[in-house]
Amino acid sequence: IVGTLRSGLLVVDQEAAHYRILFDRFRARLSSGTGASQQCMFPSTLQLRGDEELALGRLEPILRAAGFDWTAGDAPLEIRLTGLPADIDLPEPEQMLHDMLRDEYPKTGDALASIREQIARVMARRSHIKAGKILSPIQMRQLVDELFACENPYYNPEGRPILLTITIPEIMQRLGGLA
């Protein structure tokens, strides 16, 4: 996304920006426990491994706070995924849930905050806008507005830059002083 500033140009990496926005949103929901769940019209069945079932029990309050909802299935180690986090598009939520249950989470220190952050990162990474997706001008403006409402709009959660400003003098210098 390219926009103008009084001092030059603003270039925003829409993929990194949306990742930051979603990460902050998910982390806040997980910390406050306010994630809403959208009930699935057609619940899916997941077959868990033994270690995944243990992880599900351990992560249950966090996953439910994120908006995941499930009931016991008909077979041992089986669950029916009946609800997903509302207002986001999660491609392959079943695979994402398997991935979250297989991840290694800390068991000591400030483990709860770290687990919340890791789960927020996985959810944001799986559901952010991908590079090359064409956005309307309204969507671009909304994305930039939401980005600047974030705690750190300059870097994504891994520390990669999200935006770049190019000043008029820099532009002039690169164009050889031509106007």
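Being a predicted model, the structure only gives us computed values, none of them experimental.
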Determine whether [X] and [Y] make a side-chain contact, defined as any pair of heavy atoms from C-beta on separated by less than 4.5 Å.
X: P157; Y: R20; value: yes
X: N156; Y: D13; value: no
X: L56; Y: W70; value: yes
X: T165; Y: S7; value: no
X: Y155; Y: P161; value: yes
X: F68; Y: M96; value: yes
X: P76; Y: E78; value: no
X: E158; Y: R121; value: yes

Salt-bridge present ([X], [Y]; N to O < 4.0 Å):
X: R58; Y: E53; value: no
X: E146; Y: R25; value: yes
X: K130; Y: E15; value: no

Once side-chain contact (heavy atoms from CB on, under 4.5 Å) is applied, do any residues pair with [X], and if so which ones, sequence neighbours excluded?
X: V12; value: I1, L10, A17, V144, L147, I162, L163
X: S136; value: I138, Q139
X: R80; value: P43, T45, T71, T82
X: S32; value: T34

*Take atom CD of E92 as the centre, draw a 6.0 Å sphere, and report whether it contains more than 12 heavy atoms from other residues, nucleotides or ligands.*
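Not more than 12 within 6.0 Å, no.
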
*Over 12 non-hydrogen atoms of neighbours within 6.0 angstrom of CG in D74*: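 No, because the 6.0 Å sphere around CG of D74 holds 12 heavy atoms or fewer from other groups.
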
*Please name all residues satisfying side-chain hydrogen bond (donor to acceptor under 3.5 Å, both in side chains) with S31, sequence neighbours left out, ordered by chain then number.*
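S31 satisfies side-chain hydrogen bond (donor to acceptor under 3.5 Å, both in side chains) with no other residue.
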
*Output all residues satisfying salt bridge (charged side-chain N to carboxylate O under 4.0 Å, His left out) with D69, sequence neighbours left out; order by chain, then residue number.*
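With neighbours one apart ignored, the set is R64.
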
